[in-house]
Amino acid sequence: MHEITLIQGLELAVMAIIVGIDFWLEGLFLFRPIIVCTVTGIILGDINTGLIAGGLTELAFAGLTPAGGTQPPNPILAGVMTTVIAFTTGIEATTAIGLALPFSFLMQYIILFYYSSFSFFMAKADTYAEEANVNAFIRLNILTTAIVALTYGIVVFFSTYVAQNAMQELVQSMPTWLIHGFEIAGGILPGVGFGMLLKVMLKMQYIPYLIIGFLFASFIPFSNLLPVALVGTALAMYEYFRDKAQMASQTAIGGGGSNEGI
Amino acid sequence: MHEITLIQGLELAVMAIIVGIDFWLEGLFLFRPIIVCTVTGIILGDINTGLIAGGLTELAFAGLTPAGGTQPPNPILAGVMTTVIAFTTGIEATTAIGLALPFSFLMQYIILFYYSSFSFFMAKADTYAEEANVNAFIRLNILTTAIVALTYGIVVFFSTYVAQNAMQELVQSMPTWLIHGFEIAGGILPGVGFGMLLKVMLKMQYIPYLIIGFLFASFIPFSNLLPVALVGTALAMYEYFRDKAQMASQTAIGGGGSNEGI
Amino acid sequence: MHEITLIQGLELAVMAIIVGIDFWLEGLFLFRPIIVCTVTGIILGDINTGLIAGGLTELAFAGLTPAGGTQPPNPILAGVMTTVIAFTTGIEATTAIGLALPFSFLMQYIILFYYSSFSFFMAKADTYAEEANVNAFIRLNILTTAIVALTYGIVVFFSTYVAQNAMQELVQSMPTWLIHGFEIAGGILPGVGFGMLLKVMLKMQYIPYLIIGFLFASFIPFSNLLPVALVGTALAMYEYFRDKAQMASQTAIGGGGSNEGI
Amino acid sequence: MKESNALSAKDITKLGLYSSFLQASFNYERMQAGGFTLAMLPALHKIFHGDKQKIAEAMKDNMEFINTHPNLVGFLMGLLLSLEENNEDRSLIKGIKVALFGPLAGIGDAIFWFTLLPIVAGISASFALQGSIIGPILFFAVYLVVFGLRIVWTHLGYNLGTKALERLKDNSRIISKAATILGVTVIGGLVASYIHIEVLSTIAINAEHSVSIQKDFFNKIFPNILPMSYALFMLYLLKKKQISPSILILGTFLAAIALSFLGVL
Amino acid sequence: MKESNALSAKDITKLGLYSSFLQASFNYERMQAGGFTLAMLPALHKIFHGDKQKIAEAMKDNMEFINTHPNLVGFLMGLLLSLEENNEDRSLIKGIKVALFGPLAGIGDAIFWFTLLPIVAGISASFALQGSIIGPILFFAVYLVVFGLRIVWTHLGYNLGTKALERLKDNSRIISKAATILGVTVIGGLVASYIHIEVLSTIAINAEHSVSIQKDFFNKIFPNILPMSYALFMLYLLKKKQISPSILILGTFLAAIALSFLGVL
Amino acid sequence: MKESNALSAKDITKLGLYSSFLQASFNYERMQAGGFTLAMLPALHKIFHGDKQKIAEAMKDNMEFINTHPNLVGFLMGLLLSLEENNEDRSLIKGIKVALFGPLAGIGDAIFWFTLLPIVAGISASFALQGSIIGPILFFAVYLVVFGLRIVWTHLGYNLGTKALERLKDNSRIISKAATILGVTVIGGLVASYIHIEVLSTIAINAEHSVSIQKDFFNKIFPNILPMSYALFMLYLLKKKQISPSILILGTFLAAIALSFLGVL
Ligand SMILES: OC[C@H]1O[C@H](O)[C@@H](O)[C@@H](O)[C@@H]1O
Ligand SMILES: OC[C@H]1O[C@H](O)[C@@H](O)[C@@H](O)[C@@H]1O
Ligand SMILES: OC[C@H]1O[C@H](O)[C@@H](O)[C@@H](O)[C@@H]1O
């Protein structure tokens, strides 16, 4: 049972602003839980909790990507809150992940809101473009980014410093089955993410590869996905060279055909 | 050491008739050992022996299929007799399977005999067809099925009720090496079945798939063949889509060629 | 700590001449360590050391092949000296392999020297050919082979009988890290051999197969490479039949095309 | 889609059930011809409004040799009936039947005999062996569903009708190729897991210890090398030497007993 | 290779860095258009020597919808600028942009999102979980390199320029196919290792012992059958039923809690 | 099939044995030319009934550069002699020789060097390591058979003769491609099982416990990552940097000793 001081709250907010910008631009991947949690841990003066929380949250969220312009549960809030909850309430990180999810969702929806509402800026952007008004155009982009950054700062400050006592009471009042439920949710959630990926990528003809990757990972014990990635690479390269050869041979034939035509 | 009562003998005969029809029509697969043995067990009032015998016999016979109109050792007799022998003589089911084989062969040959002799009915069937004599045609089909069904009833009644004492003495008089020999035969026999399947299916170009299935099952531990089937599915789908694409592209080229011809 | 008698030294030399010829002609593969070591062991009257050394050295050298006319560290010297060093100095065979390496290199370079210098005989061979001087031509080939054979005899006699005491002192004076270093070298060396093979064989399009073979051997436990070879066979056959089918279909199209041309 | 829809959905469902009589008079001359015709009768009767002439013709065609997979034959029946309804040319109908029953058999056997059966058998047997009734129940449940699907296939075949025909004929080659791939792969697995050969003999390699031929030799060379070798040996005898299965079964049997007597197996 | 090399290597390096603003004004109408244009501005300005007219045109083109992978977009930018330098026809330039951003997204996502991230995450997390700071440091190091590569891609794209174009357009189809293969394979692995569903319930099969649904049933049928089923179920709902992800997340959440309450999970 | 069968089956058998002299005067200028010619001599002598002129011509042709696989060369020799018998045009014969020795080398190396050897070595070594003489005996037996096969290949080549030629030339491309596939796959396996690198160093990650670089780092990233990296590194140096194998062997050797001294390996 620890307290978060005002200073710490502000420090967390500042961190949130920085990694928030990184999240928005997908730049240095500072927005991934393993980084966020560690820094949070450092700020709270309990790096070990930060590392454990980071490891767990990173694994749970590695499958939840924004590919295709989709928006998954937010990794920053998940990271911050998992660490903070574990730190303040003293519960296990595995459990904390579950309890951090609602915050993760909240931020996800805020981002989604911006994704939509920022569309309104496009009209302005077009006019600036027509006038080749470079400076205004730059300002506009800074503005949007700033809005996101600030939002992160505020949300994190409130979720951590302001809400901490409420949080503690909440957790203590929670029945175990509910807490366990949160944990479980954390374990199943990536399924939604994968469903979204598959929706984008899985044409009938790629099903074999899904099966192979799945079988491989189900039956061969390894400590990370590199082997599966290697299998995928092998298959991808095989197919690439096959297709390439075929293209070649076909143009050859095609060419032959046209020559005969002459 | 148990006795089979006359009633039980008759009940077994009735069961044999029912599953016999199912065997002939390959309808509900009640003719598979796992079902036959269980029911036999229930009739003999020793369901547990029935279940064990069913599990073992089913596994031993899962590879012996009639695909292609071939006729493997008979699953019904194998099922009934494995259970009955285990029940009456009190020996292990594993051993009983071996001792049930001769009965399984006997019935196999009877069915093969019918496969040939029923050819004679075809002349009749043709005439009925010409006359569009529907009822006679139906009767003919019922007749053939009835013959098979009855045969099952009789064979099973004799092998179980009538022959039981002889059976017991036989088993007791058997040297262990002979009994063990029967067990072994049970373990090797599926090889013949697979040989038959391969004769039908294995063209040179499919050897790679045989190898892969074999390797997979040899080196990756699993409790049933589903994974191998998944691999097979993946490979089959891959090949299917490849061929399909090729067909498409070729007709395309073909078309192109002819257009150029014009 | 054993002595090698003069007789044994000569016997070893004789053996070296025989297997040396076999090495040169790549005939009966008597030149492989597993044979050489065993025979050496027999000659030294310590067959067990011979067998152990043979097993280890064979495994270490199985990847070092002369394919493509290249010349790997010499298997005969490696075999003889591993056994001899283990026998005379009483150290472990695993360590002896390392210490045998320098001899193996020495012989490798001698052979490389012959590979180059024998080129000078070719001029002679040409003249004999023009004159169809069969006998001279035969003598020439016998000569070259004899040179190699003799060299083996001499090198082995010196390395074993003559150098044995020096050898013993050397080994005793060696610091463990140096001996260990030799062992390690033995373990890494095949890497060079494989690099050479890959240089010959590895076009971009074959990388997938390298990956698959590597993955398979890394994750599936087996006692020899047969399974990997089976995988390779499956893949090779698959590709072979695919290409064959494609060749067929294309000639078909090609033919069709030309007909249209008419 | 059809001019005269003589057949109602109910008729097709019935057809699916009747299709189970496929093998009622199975024999080596015509294989499933008798049962096949039998199952078609009611529908044919309805289509031709009892016109004896036409029914006779249809029956004669159906009485020709056919051997396909019972679980899928309904698909073929439905398809053919949709053609009969459009009273397509008899020879066309016959041609399509001949063209399709083979591939259908290949697909059906690969899926139902070589794949589904061993899998369901494996799973439910593992329950039964623990003395749990779940085993047979599970098995029964699965095959009840499979049986029910016959009706689905039949409707499918009937509705696809002529439309799908072209595509079907084009694809049947590559479809049954795919089915064979599945089948062969699974058989490879079956060989490894359903044939059991364990050599008991050992050789004394030297004074102290001896090697077990199975563990130290065969398993070292390749696990399951004996099962695969035996299956391939059978294949060889069946294909190259034309030896009948019955003889091979008998031979296997005697060999097993002999080797047991000699203590080899 | 170019008539007028307005841009220096340094400009291209800058461009690579600016490319990080790609998503600065990300939104669902134009996706990355705003940031894309922003990143191109300095270079465009230089190429057109501040000619407002031309810059406006270029900006308008760039403001059209685009969505590609941030780590690789530099490649596209470099390529397009080399075209602008040769003042190729505007519509050509636009066409190429439209033709390439999709495949580039596919490749980038497959490599960076679906493959690199889970792998690096897996490795570094395994350190972090031991309480070792090596974890996050390793992670950071890797992504620092990835970031640095943006500059490389950009130079690459610029130098390839028109030359490579033909080849690129031909290959882009089969390249992104290959990328998809990699992606889908890895996702198959992700499903097996990142979704965790463990059924706790057991059934008493008879007096003495009871079977655990997870161990004795699901695991026997197929390990990870539940994770895969769930992922496919989600796919089904998303694709066929058009249900929004948010709802599925919420549903998953509530289901988890409910099943926890019932003691099933 | 041939006009004048100068050669008896016995001659071909002899030829098969003589083919073992292939490398009798191996050298870097002509590789196996000398031995190749030597092995052909007796048969040529017989075909040309000692006509010095013709023999000289044949010998000259045979003395041209050739490098193929000793175990299979008999096949080529048999083939060529069947052509000589039909006294085909010299240049044709030479052309065929040049066309075939390469693919034959590829096939032979893939099968005999990269596949058969490591397998037989592995199996028989595992016996020898138990101190069992079965090891070397088994090894010898296998290679005795392989040697015997030379005679078979030779007869095969001779009998196929011109007939098979066309097919051979068409297929040689895809055959040696297949052989390469086999070879490369096995080499992948060899790298994983025949190169041994084990890092001993450890890093203290915090007060209480330290991580072993090998177990906790490399093995976590990928087992055998070091062996593969090393093999690829060698490949790089050989191919891109043209460094000679001897230098790499020496380098490896010194590196190993140095790293042993430093306690890294
Ligand atoms: O899918 C292309 C692209 O979509 C969005 O723009 C973001 O999620 C990127 O990370 C992704 O690469
Ligand atoms: O092979 C087609 C067909 O052959 C026979 O009719 C029976 O064994 C069927 O079960 C099988 O499907
Ligand atoms: O590569 C062809 C050939 O090259 C050399 O001649 C020898 O190493 C042979 O063993 C090898 O087969």
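Naming convention: chains lettered A, B, ... in sequence-line order (proteins, then strands); numbering from 1 in each chain.
- Annotation for Lys239(D): atom NZ counts as buried by contact number, over 12 foreign heavy atoms lying within 6.0 Å.
- Taking chain B as the reference chain and counting heavy-atom pairs below 4.5 Å, the highest number among Arg30(D), Lys52(D), Met63(D) is found for Arg30(D).
- Panel note: side chain His180(B), backbone Ile257(D); no donor-acceptor pair is recorded below 3.5 Å.
- Contacts with chain B were tallied for Ala125(D), Gly183(D), Ser126(D); Ala125(D) has the most, counting heavy-atom pairs under 4.5 Å.
- Counting heavy-atom pairs under 4.5 Å between each of Gly191(B), Ala62(B), Ser119(B), Gly55(B) and chain D puts Ser119(B) at the top.
- With values rounded to the nearest 0.5 angstrom, Glu239(B) atom CD is found 4.5 Å from Ile181(D) atom CD1.
- Counting heavy atoms of neighbouring residues, nucleotides and ligands inside a 6.0 Å radius, atom CD of Glu64(D) exceeds 12 of them.
- Using a 4.5 Å cut-off on side-chain heavy atoms (C-beta onward), Val184(D) and Tyr206(B) make contact.
- Ring to ring, Phe222(D) and Phe214(B) are close: their centroids are under 6.0 angstrom apart.
- Between chain B and the residues Ile187(D), Leu116(D), Ile55(D), the most heavy-atom pairs under 4.5 angstrom are made by Ile187(D).
- Heavy-atom minimum distance, Gly27(B) versus Phe147(D): O-CD1, 3.7 Å.
- Chosen from Val186(D), Val142(D), Leu237(D), Leu129(D), the residue pairing most often with chain B at heavy-atom distances under 4.5 Å is Leu129(D).
- There is no contact between Phe233(D) and chain B, counting heavy-atom distances below 4.5 Å.
- Counting all heavy atoms, side chain and backbone alike, Ala192(D) lies closest to Ala217(B) at CB-CB, 3.7 Å.
- Comparing Leu38(D), Thr37(D), Leu41(D) by heavy-atom pairs within less than 4.5 Å of chain B, the highest count is held by Leu38(D).
- Proximity to chain B involves both the backbone and the side chain of Ser124(D), based on heavy atoms less than 4.5 angstrom apart.
- Leu22(D) does not touch chain B: none of its heavy atoms, backbone or side chain, sits under 4.5 Å away.
- For the residue pair Gly131(D) and Ile52(B), the shortest heavy atom distance occurs at N-CD1, 4.3 Å.
- Ranking Ala234(B), Ala125(B), Gly232(B) against chain D, the residue ahead of the rest is Gly232(B), based on heavy-atom pairs under 4.5 Å.
- Note that the CZ atom of Phe139(D) and the CD1 atom of Ile34(B) stand 6.5 Å from one another [nearest 0.5 Å].
- When atom types are taken as modelled, the side chain of Thr252(D) and the backbone of Leu189(B) share no donor-acceptor pair closer than 3.5 angstrom.
- The contact between Phe105(B) and chain D is made entirely by side chain atoms (from C-beta outward), counting heavy-atom distances below 4.5 Å.
- From Ile184(B), atom CD1 reaches atom OG of Ser260(D) across 4.5 Å, with rounding to the nearest 0.5 Å.
- For Ile142(B), no part lies near chain D; criterion is any non-hydrogen pair under 4.5 Å.
- Contacts between Asn224(D) and chain B at a heavy-atom distance below 4.5 Å involve backbone atoms as well as side-chain atoms.
- Your options are Phe182(B), Phe216(B), Phe118(B), Phe137(B), and the one with the most heavy-atom pairs under 4.5 Å with chain D is Phe137(B).
- Only the side chain of Thr115(D) comes within contact range of chain B, with heavy atoms under 4.5 Å apart.
- For Phe61(B), no part sits under 4.5 Å from any heavy atom of chain D, backbone or side chain.
- Only the side chain of Tyr109(B) comes within less than 4.5 Å of a heavy atom in chain D; its backbone stays farther off.
- In this structure, chain D has a heavy atom under 4.5 Å from the side chain of Leu101(B), while its backbone stays farther away.
- Here the two rings, on Phe26(D) and Tyr114(B), have centers that are 6.0 Å apart or farther.
- From Glu29(D), atom CD reaches atom CZ of Phe120(B) across 9.0 Å, with rounding to the nearest 0.5 Å.
- Note: Ile174(D) CD1 to Tyr240(B) OH = 5.0 Å, rounded to the nearest 0.5 Å.
- In this structure, the portion of Glu131(B) lying under 4.5 Å from any heavy atom of chain D is its backbone and not its side chain.
- The main-chain N or O of Gly69(B) is found under 3.5 Å from a side-chain atom of Tyr28(D) such that the two form a donor-acceptor pair.
- Arg32(B) touches chain D through its side chain: at least one heavy atom from C-beta onward sits under 4.5 Å away, while N, CA, C and O do not.
- Residue contact with chain B, scored on non-hydrogen atoms closer than 4.5 Å, involves the backbone and the side chain of Tyr194(D) alike.
- In this structure, the ring of Trp113(D) has its center less than 6.0 angstrom from the ring center of Phe29(B).
- Neither the backbone nor the side chain of Ala105(D) comes within contact range of chain B, judged by heavy atoms closer than 4.5 Å.
- At a 4.5 Å heavy-atom cutoff, the contact between Ile47(B) and chain D is made by side-chain atoms alone.
- The minimum heavy-atom distance linking Leu235(D) with Gly195(B) is given by the pair CD1-O, 3.8 Å.
- Trp24(B) contributes a side-chain N or O that, together with a main-chain N or O of Ala24(D), makes up a donor-acceptor pair within less than 3.5 Å.
- Side-chain contact between Ser193(D) and Leu225(B) is present, with heavy atoms from C-beta onward closer than 4.5 Å.
- Between Pro190(B) and Leu190(D) there is no side-chain heavy-atom pair separated by less than 4.5 Å.
- With respect to chain D, the highest number of heavy-atom pairs below 4.5 Å among Thr65(B), Leu30(B), Val228(B) belongs to Thr65(B).
- In the displayed structure, Lys46(D) atom NZ is contacted under 6.0 Å by more than 12 heavy atoms of other residues, nucleotides or ligands.
- Counting heavy-atom pairs under 4.5 Å between each of Phe112(D), Phe114(D), Phe21(D) and chain B puts Phe114(D) at the top.
- The aromatic rings of Phe261(D) and Trp177(B) lie perpendicular to each other, with more than 60° between the two planes, well past the 30° mark.
- Contacts of Thr38(B) with chain D are made by side-chain atoms alone, with heavy-atom separations under 4.5 Å and no backbone atom involved.
- Residues Asp126(B) and Lys60(D) are not paired through a salt bridge, judged by the lack of any N-O separation under 4.0 Å between the basic side chain and the carboxylate.
- Closest of all the heavy-atom pairs between Leu182(D) and Ala229(B) is CD1-O, 3.6 Å.
- Ranked by heavy-atom pairs under 4.5 Å with chain D, the list Ile179(B), Leu210(B), Asn133(B) is led by Leu210(B).
- A distance of 7.0 Å separates CD1 of Ile188(B) from CG of Leu259(D), quoted to the nearest 0.5 Å.
- With a 4.5 Å cut-off on non-hydrogen atoms, Pro70(D) touches chain B through its side chain but not through its backbone.
- Residues Ser116(B) and Asn27(D) form no side-chain contact, since every pair of their non-hydrogen atoms from C-beta on lies 4.5 Å or further apart.
- For the set Gln108(B), Lys203(B), Glu58(B), Lys199(B), the entry with the most heavy-atom pairs within less than 4.5 Å of chain D is Lys199(B).
- The shortest heavy-atom contact between Ser25(D) and Leu140(B) is CB-CD2, 4.3 Å.
- For Phe121(B), no part lies near chain D; criterion is any non-hydrogen pair under 4.5 Å.
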